[in-house]
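Shown next, in structure tokens, is the structure this report addresses.
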Amino acid sequence: MKIPDLRIGNLVAKIPIIQGGMAVRISMAPLAAAVAEEGGIGIIAGSGLSVEELRAEIREARRRTKGIIGVNIMFAVREFAQLVHAAFEEKIDLLVSGAGFSRDMFTWGKEKGIPVVPIVSSAKLAKLSQKLGAAAVIVEGVEAGGHLGTDRSIHDILPEVIAAVTIPVIGAGGVIDGQGAAEMLKKGVSGVQMGTRFALSEESSAAPAWKEEMLKATEKDIVFVHSPVGLPGRGIRNPFTLALDENKDVTPTDCKGCLKSCEGNFCIMDRLIMAQEGDVQEGLIFSGAKVHKIKEILSVHEIFEDIKKGILSVKEE
């Protein structure tokens with residue numbers, strides 16, 4: 001009846017759960033530290049932060065917990081290398097990266113002795129990641145929130161990845177409760193990444209209006225947008241996504257140059273920050289496919305109690 005631990009490199013998480021690194025400013029020190037305190041792996045979202053802000057968040061998380069703290073940085077952001085090096089200098093426990101693929105990060109991780117965990121959506125990229133030195137891979141299917149690298153279901157991709165690599169495989173996308181986590185573990189993964197459920201926690205740094213909008217969402221409110229990053233993203237329908245659908249001009253008046261390559265159809269950073277700060281009309285609210293099944297804001301402790309109960313109940317069948 002034992003809940004399996006999750007081993008990544010020399011790290012051991014007592015509960016096999018990684019909290020998603022949700023940018024911008026959703027997954028910050030309070031959320032990451034609370035997850036780490038419960039025995040999972042807490043992740044600070046570095047994308048959209050300055051180097052100094054990221055350092056401050058890592059230090060604050062360390063002040064709050066002795067648990068495992070990682071950082072997620074999108075490869076697509078212009079300051080990717082500076083943010084990664086700053087996180088390594090702060091001696092984070094692991095680096096997670098998606099929205100593009102960096103070969104350099106594996107070399108940097110090896111030099112510092114810090115595990116690097118890429119987010120992948122295919123067996124081919126998982127195999128390449130292992131060859132380059134990945135400590136584990138997070139496999140995201142189309143059910144995930146935010147930027148998506150595939151239109152295939154996690155349930156189709158997972159068996160291919162598990163067969164292709166020998167490093168730990170972490171399943172991600174569409175898991176919102178203990179039962180979902182248990183079902184994912186039964187598929188043979190070493191761990192489960194959960195984003196949207198933790199976004200709707202007391203410790204998440206999203207504005208109350210953002211959380212309320214997420215709680216109100218029905219299945220029909222879940223939409224895809226074409227991100228300036230060059231990838232589709234899943235979010236919640238609102239006046240801003242309707243403006244995108246109607247091809248209204250929402251191009252930014254000034255550019256901060258936050259992405260290495262930007263299609264310029266709208267400013268992703270501005271829109272995510274607007275939503276995080278509570279402007280749920282004009283901001284962009286990213287979300288996973290099962291958000292409509294989440295009915296209440298819970299503490300991280302309550303979420304973990306549900307996860308443990310769900311895993312144990314399946315093991316007892």
Side-chain angles (χ1 to χ4, degrees), residues 20-28 31 43-57 71-84 86-87 96-102 119 140 144-149 195-196 199 204-214 217 221-288 291:
M22 296 162 287
V24 175
R25 305 179 192 275
I26 306 292
S27 303
M28 301 291 270
L31 176 56
I43 302 288
I44 295 165
S47 309
L49 301 184
S50 69
V51 166
E52 286 314 309
E53 284 173 327
L54 179 58
R55 287 185 189 277
E57 289 301 316
V71 168
N72 179 318
I73 302 166
M74 287 199 315
F75 178 63
V77 297
R78 192 178 292 278
E79 288 204 320
F80 176 76
Q82 295 95 310
L83 289 164
V84 170
V96 176
S97 182
F101 190 79
S102 162
I119 297 171
E140 272 191 3
H147 291 108
L148 302 171
T196 305
S204 150
S205 292
W210 188 100
K211 295 179 188 179
E212 283 305 316
E213 201 69 12
M214 291 273 269
D221 293 324
I222 298 163
V223 295
F224 288 100
V225 298
H226 183 80
S227 167
V229 168
L231 293 167
R234 176 187 272 103
I236 304 288
R237 185 194 314 277
N238 68 357
F240 170 64
T241 67
L242 289 172
L244 287 179
D245 283 346
E246 293 164 6
N247 292 317
K248 290 185 178 166
D249 184 12
V250 288
T251 52
T253 49
D254 65 326
C255 177
K256 301 173 190 68
C258 60
L259 299 175
K260 290 175 185 149
S261 172
C262 178
E263 296 186 9
N265 51 329
F266 65 91
C267 178
I268 184 81
M269 291 298 179
D270 276 356
R271 297 291 175 169
L272 288 172
I273 289 169
M274 285 161 90
Q276 182 268 339
E277 290 178 347
D279 184 349
V280 295
Q281 302 297 305
E282 295 302 321
L284 175 59
I285 305 170
F286 271 159
S287 121
V291 64

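Side chains are part of it too, since the values below use all heavy atoms of this structure and drop only hydrogens, waters and symmetry mates.
- In this structure, CG in D279 is found 8.5 Å from CZ in R271, a value given to the nearest 0.5 Å.
- Heavy-atom minimum distance, A243 versus V250: CB-CG1, 4.2 Å.
- Counting all heavy atoms, side chain and backbone alike, P252 lies closest to G264 at CD-O, 3.8 Å.
- Looking at R78 and C258, their side chains never come closer than 4.5 Å, going by heavy atoms from C-beta outward.
- When atom types are taken as modelled, the side chain of S27 and the backbone of G20 share a donor-acceptor pair closer than 3.5 angstrom.
- The backbone N or O of S205 lies less than 3.5 Å from a partner atom in the side chain of Q276, making a donor-acceptor pair.
- E52 contributes atom CD, which lies 5.5 Å from atom CZ of R55 (distance to the nearest 0.5 angstrom).
- Contact detail for L148 and A144: the closest heavy-atom pair is CD2-O, 3.3 Å.
- Using a 4.0 Å cut-off between a side-chain N of Lys or Arg and a carboxylate O of Asp or Glu, E53 and R25 qualify as a salt bridge.
- In this structure, the separation between NZ on K211 and OG on S204 is 4.0 Å, given to the nearest 0.5 Å.
- The stretch residues 227-253 participates, sequence neighbours left out, in these ring-ring contact (aromatic ring centres under 6.0 Å, His included) pairs: F240-F266.
- Between the side chain of K260 and the main chain of F75, a donor-acceptor pair closer than 3.5 Å is present.
- Each of I285, V223, I236 was checked for a side chain to side chain contact (heavy atoms under 4.5 Å, CB included) with T241, and the lone residue meeting it is V223.
- Atom CD in E57 sits 6.0 Å away from atom CD1 in I44 (nearest 0.5 Å).
- Counting heavy atoms from C-beta on, the side chains of L244 and L242 never come closer than 4.5 Å.
- A donor-acceptor distance shorter than 3.5 angstrom exists from the side chain of S97 to the backbone of I73, with no hydrogens or angles considered.
- With sequence neighbours excluded, the residues satisfying side-chain contact (heavy atoms from CB on, under 4.5 Å) with T251 are D249.
- Judged as a side-chain contact (heavy atoms from CB on, under 4.5 Å), and not counting sequence neighbours, the contacts of Q82 are V51, E79.
- A distance of 9.5 Å separates SG in C255 from CG in D270, rounded to the nearest 0.5 Å.
- Between V77 and M269 there is a side-chain heavy-atom pair separated by less than 4.5 Å.
- The shortest side-chain heavy-atom distance between N238 and D221 does not fall under the 4.5 Å cut-off.
- Within the structure, salt bridge (Lys or Arg N to Asp or Glu O under 4.0 Å) contacts touching residues 225-244 (residues at least two apart or in different chains) do not occur.
- Nearest heavy-atom pair across T196 and G288 is OG1-N, 2.8 Å.
- Here the CG-OG distance, from L83 to S47, works out to 7.5 Å after rounding to the nearest 0.5 Å.
- Contacts of E212 classified as side-chain contact (heavy atoms from CB on, under 4.5 Å), with partners at least two apart in sequence or in another chain: L215.
- Of the possible donor and acceptor atoms, one in the side chain of N265 sits under 3.5 Å from a partner among the backbone N and O of H226.
- Contact between A207 and E277 at its shortest, heavy atoms only, is CB-C, 3.6 Å.
- Legend: residues meeting ring-ring contact (aromatic ring centres under 6.0 Å, His included) with F224, ordered by chain and number and at least two apart, are absent.
- In this structure, the side chains of V71 and I43 stay at 4.5 Å or more apart for every pair of heavy atoms.
- In this structure, I26 and A206 approach most closely via the heavy-atom pair CD1-CB, 3.6 Å.
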(Q) Is there a side chain to side chain contact (heavy atoms under 4.5 Å, CB included) between H147 and I268? Walk through the geometry before answering. (A) CA-CA 11 Å; H147 291 108; I268 184 81; 4.1 Å; yes
